[in-house]
Amino acid sequence: MSEHLRETHRRRTFAIVSHPDAGKTTLTEKLLLFGGAIQMAGSVKSRKAARHATSDWMALEKERGISVTSSVMQFPYEDRIVNLLDTPGHADFSEDTYRVLTAVDSALMVIDCAKGVEERTIKLMEVCRLRDTPIMTFINKLDREGRSPIDLLDEVESVLGIQCAPVIWPIGMGSRLKGVVHLLSGEVHLFESGRNFTRQDSTIFASLDDPQLEARIGAEMLRELRDELELVEGASHPFDKAKYLAGQQTPVFFGSAVNNFGVQLLLDFFVEHAPAPKPRATTSREIAPEEEAFSGFVFKIQANMDPQHRDRVAFLRVCSGRFDAGMKAFHVRSGKDQKLANALTFMASDREIVETAYPGDVIGLHNHGTISIGDTFTSGEKLSFTGIPNFAPELFRRARLRDPLKLKQLQKGLAQLSEEGATQFFRPMMSNDLILGAVGTLQFDVVAYRLKDEYSVDAIFEPVTVSTARWVRGGTAKKMEEFREKAAMNLAIDAAGELVYLAPTRVNLQLTQERWPDLTFAATREHA
Ligand code: G4P
């Protein structure tokens, strides 16, 4: 097998999706510990805090107790290279999260065993389902009293509409937690507080029939467990790899991240069964990761933490071929070759300069405004990866300047900040207003703060009667012309020059859609 194929097939690129507080940070930390990427639990959190302190505007998010940044963590495990793409936890930044999910090959859903399926998990799962992303499920906090495991599986199946295949089954819960059974291997792992980090550090019985097991968990518990397993076997589905890879079934694990319990069982199963990089659709053909020619797309742009330099990092997912430091790649949107010098990798806890990267890997490119979210880089072929969405914002404000002479800077700032994708910038066709759309209200504070800090523009955001936005396409040229004339009062151009209908109310949108059946009113704009 060529080096390229070998390296590609051992990549596992995924993200964790969960509702805040389910335990994503804790689990991430434990996974990194297994990968030897960090030495001490707690360092992911403290690193987060240290990073926040380095930038002024980040103080804002710290005040609010949330994290705006997301990062990429690469670590080796067994013979695999795992790329874990972190997703920001706060609901206000969900757009960012959605786009991270376009750059992964699979996802891990973390659920709190006491809370079950929560609202944000439902939203994120919808996105995964759109792309048939394979999903594994980790039901966390088994050391606390939670809902019955059967109940939880039922909820996942009915609320999320995905078949559950339990791989790990808990023996008791909360104060009665004794351990777990691996339903595929039959092994029983005992829960021992302060231990359980690795297999060597755990008490493992080969099967339920081990005579010592009864002595450890008690005859009554063992009987209960056998009854329960019989029930589970009858009522649930066996693991079916094809169904998992098609996004129709989720293997389910139980554990306690904070106690290391069940984490290695999950990771072992993950590296064995989670998909390696998959082919990806483009505007002209599908690109297989095995192809030798380099290609990739940008799914995220992040402002540099260092305000002195004010450059941005564009996160590119490699889709085929090999990235070599200093190579030139074709930037499809501008039609120009760009030298990809000093790309960053995200090994361990620090950014490092990357020498080579393979499909599934993410590299950070320094960006001075020429790279946008959704951009494709190739070895020369003119095609673009599809499916990187721009969601319709749900909140709108009009930007008003305190100093009218700063209009140019304001326009520049709004346009540059919307490059990052967290806000969207609209210019109505019939007025000189500058309208900003966002998915959450916090975005307006962040933008106002950054306009002042980075562009020396003092702007405030005031209410405007827009309730939703739709990208308008389709129809004949004549119909479109007619629409532009009739609906001009509500039309705007977005930062990419596309036509957008800004509806004052939902009812208005519905009536407009009924009136113009030949046109499509899309809630997302795909980056072309
Ligand atoms: P998030 O990233 O999904 O928001 O969750 P995070 O890992 O920060 O975990 C949220 C809280 O749940 C943390 O407690 C964490 O320690 C706790 N937690 C995580 N896994 C488990 C588990 O298996 N069992 C129990 N009992 N708790 C767990 P916190 O008090 O908010 O933070 P901290 O003081 O521990 O840092």
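Just so you know, ligand 1 is whichever comes first in the structure, and atom 1 is the first atom listed for that ligand.
For Leu142, no nitrogen or oxygen atom sits less than 3.5 Å from a nitrogen or oxygen atom of ligand 1, counting backbone and side chain alike. Looking at ligand 1, you'll find an N or O of Gly23 within less than 3.5 Å of one of its N or O atoms. On a distance-only criterion, Asp21 and ligand 1 share at least one N/O pair closer than 3.5 Å.
Less than 4.0 angstrom separates some heavy atom of Lys24 from each of these atoms of ligand 1: 1 (P), 2 (O), 3 (O), 5 (O), 7 (O). Those atoms of ligand 1 with a heavy atom of Ser256 less than 4.0 angstrom away are 22 (C), 23 (O), 24 (N). Close contacts of ligand 1 with Pro20, meaning ligand atoms under 4.0 Å from a residue heavy atom, involve 4 (O).
Between the side chain of Ser236 and the backbone N or O of Val232 there is at least one donor-acceptor pair closer than 3.5 Å.
Ring geometry for Phe269 against Phe239 counts as perpendicular: the plane angle is over 60°, on a 0 to 90° scale with 30° as the lower cut. In this structure, Phe444 and Phe461 have tilted ring planes: the angle between them lies in the 30° to 60° band.
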| task | Under the salt bridge (Lys or Arg N to Asp or Glu O under 4.0 Å) rule, what do Lys141 and Asp112 come out as? Steps first, then yes or no, please. | result | CA-CA 6 Å; Lys141 306 196 185 180; Asp112 182 323; 3.4 Å; yes
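No more than 12 heavy-atom neighbours from other residues, nucleotides or ligands sit within 6.0 angstrom of CZ on Arg176. The environment of Glu233 atom CD is sparse: at most 12 non-hydrogen atoms of other residues, nucleotides or ligands sit within 6.0 angstrom.
Side-chain polar atoms of Glu126 and Tyr98 form no donor-acceptor pair below 3.5 angstrom.
Nearest-residue assignment for atom 7 (O) of ligand 1 (options Thr26, Asp143, Val263; heavy-atom criterion): Thr26.
Using a 4.0 Å cut-off between heavy atoms, Lys141 contacts ligand 1 through both its backbone and its side chain.
The shell of residues lying under 4.0 angstrom from ligand 1, judged by heavy atoms, includes Asn140.
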